[in-house]
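Presented below is the structure to which this report refers.
Convention: sequence-line order gives letters A, B, ...; per-chain numbering from 1. Both backbone and side-chain heavy atoms feed into the values below; hydrogens, waters and symmetry mates do not.
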Amino acid sequence: MNEHEQTSEPILQGEALRKVYPDGEVEALRGVSIEVAPGESVAVVGPSGCGKTTLLHLLGGLDEPTSGKVFHRGRLLSEIDRDQYRAREIGFVFQSFHLLPTLSALENVQVPMFETDWPPRERAERAASLIEQVGMAHRRNHIPSRLSVGERQRIAIARALANEPSVLLADEPTGNLDSRKQAEILELLEGFRQSRGLTLLIVTHSAEVAAAADRIVRMRDGLVEAE
Amino acid sequence: MRFTTLILRNLFRRRARTLLTAAGLAVAIAAVLDLVGVAWNFDRAFTSLYQGKGIDIIVARAGVANQLSSALDQKLGERLGRIPGVKAVAASMVDVVGFEQANIAGALINGWESGSLLFRGTHVLEGRMFHPGERNVAMLGRVLALNLGKKVGDEIDVAGEPFQVVAIHESDSLFESGGLIVPLASLQYLMGREGQVTGFVIQAEPSDPKSVSGLQRRIEEEIPGVAATQARDQIARDMQLRLAKLMAWATTALAVLLGSVGVLNTMLMTVFERTGEIGVLRALGWKRRRVMTMILGESLCLGLLGTILGMILAVVGMRLILLEPTARGFIEPNIPAPVLGMGLLVGFALSILGGVYPAIRAAALDPSEALRHE
């Protein structure tokens, strides 16, 4: 664990999480409990369809559990503004990057900042600083289609950090990258964790990515199999 | 980056679709602007025709839908002049004549007596007024003179009779500027209606609405078979003007409906295509309200683009209408500012109508489910 680690209270906690999708046929989670300490990096691994992404969505406030509770810094998520929670406390990184195709790298990083009070100039300055931190200053004015997949993921990471979140949730962040790019992205994420005291929760199939985390949570059939 | 930048970039992501939708809107807006513009100018021309001359009452044969088909004995003018409350009376004959050589299908021809109160608001630009007893002389309206290519001293053929142009005049009303004025006796002879007029105009004394209403009743009581109409009601009752207005408003309603459906279709397709992207925006913390504002903003920009194109098209359309001989002298070639303002409002209305449902739909998307669309 890093220097920012605190052991008193988990920053993120899922309690007996159960998720049944509206069609009633798929029970994605069947009572998952998880605790993540501040500054910790946790890898969630398991076969496809075991409920990893669903867990990530519930912890990130993208979806509500059918039953069970999610807490952030001890506060029940269902009792707070989930949009505000996602905007201020959570940064999402996706496997397919999901950058807006018509916006430049610099503009993409500013997209989450619309929910803040920062004026346009400050948004641009902050975005430029983040792009520099991910080593993409020379490509800041390029649209995503002009960037390599590794470069796109760097921009997506800068975007996830735009509003200075406390937790970064990454869904297969290196799934589309070769081993060299994967190592670069992991190094980048680890660097941000160290420098910003970020908490990292990474869903992955990759043994290398999982091995780089402080802790590994193994899932199978909607349940935590082992930690 | 400003929020509007994002909206504009989204709008032009699919340029062809955006431009085609805007073109559809432009046609609808142009139709509205041209038709309402024509009706508006008609109304204004009618209003200035009577009000600019201080005319309070128009007397015509009872039961006729159009003043052109009215026929009254010219001698009724003396009886009308004796009715208490009447300050001045003027006999008038009005008809429509064509000038085939100049490709003008119809121009208003007014038969007035020399010195008539009807000459108020008529400004002689060149030449002179005709004198009492003078025959076969004509005062051409400025627009008609331009269309005919005639000047003072020239001769024109009116319904087979030669008339000498003695003046070019300008009037507050386009109907008069686009037509001609001849002595009443000449027009009566020309139309084979000696001793007849199509109506009388009356200036009341004093001109207050109550006394005018009273005078209107007295005229109809004392002279059976005539209809006395207040000038402002004459404008409201004119069948052609009412039809023009009705058509204009019907077209507006249709344009708003069709335009809204066009915007609705485009914006719904946009939302369907960008479901995953909307999920990402929600994941990044965007509130439902911001997603809704973005889609409505795109819809409004689309509407604005269509409206601007529509305004340009309307001006071009108006010029094209004026190539039609029938329209010359009857239609002013401009679209009044209030009508352009109304066009903007129509554009705004159809953008909102077409954009609100897709915006609500986009805002209602569940972020987790929307992300699974990618």
**Item:** Pair B:Met1-A:Val111, side chain to side chain contact (heavy atoms under 4.5 Å, CB included): steps then yes or no
**Value:** CA-CA 9 Å; B:Met1 180 180 61; A:Val111 168; 4.2 Å; yes
**Prompt:** Should the heavy atoms of other residues, nucleotides or ligands under 6.0 Å from CD of A:Glu27 be counted, would the total exceed 12?
**Reply:** yes
**Request:** Count the heavy atoms belonging to other residues, nucleotides or ligands that lie under 6.0 Å from CZ of B:Phe348, then report whether that count exceeds 12.
**Result:** no
How long is the gap from [atom1] on [X] to [atom2] on [Y], to the nearest 0.5 Å?
X	Y	atom1	atom2	value
A:Thr102	B:Arg14	OG1	CZ	12.0 Å
B:Leu284	A:Ile90	CG	CD1	12.0 Å
A:Gln110	B:Arg2	CD	CZ	11.0 Å
A:Leu99	B:Glu277	CG	CD	10.5 Å
B:Ser368	A:Leu62	OG	CG	6.0 Å

Heavy-atom contact with chain B under 4.5 Å, split by part of [X]:
X	result
A:Gln84	both
A:Arg159	side chain
A:Tyr85	neither

**Message:** Before you tell me yes or no, could you show the steps for B:Leu371 and A:His57 under side chain to side chain contact (heavy atoms under 4.5 Å, CB included), namely the whole-Å CA-CA distance, both residues' side-chain angles and the distance that decides it to 0.1 Å?
**Reply:** CA-CA 10 Å; B:Leu371 276 170; A:His57 284 191; 4.1 Å; yes
**Message:** If you count heavy-atom pairs within less than 4.5 Å of chain B, which of A:Phe94, A:Phe92, A:Tyr21, A:Phe114 leads?
**Reply:** A:Phe114
**Prompt:** Who among A:Arg82, A:Arg86, A:Met113 has the most heavy-atom pairs with chain B under 4.5 Å?
**Reply:** A:Arg86
**Prompt:** Under 3.5 Å, is there a donor-acceptor pair between the side chain of B:Arg9 and the main chain of A:Leu103?
**Reply:** no
**Message:** With side chain to side chain contact (heavy atoms under 4.5 Å, CB included) as the criterion, how do A:Leu100 and B:Leu281 come out once you've worked through the C-alpha distance, each side chain's angles and the decisive distance to 0.1 Å?
**Reply:** CA-CA 9 Å; A:Leu100 302 194; B:Leu281 295 173; 4.2 Å; yes
**Prompt:** Who in residues 285-310 of chain B is close to chain A, using a strict under-4.5 Å heavy-atom cut-off?
**Reply:** B:Gly285, B:Trp286, B:Lys287, B:Arg288, B:Arg290
**Prompt:** Going by residue number, which parts of residues 352-366 of chain B are within reach of chain A, meaning a heavy-atom gap below 4.5 Å?
**Reply:** B:Asp366
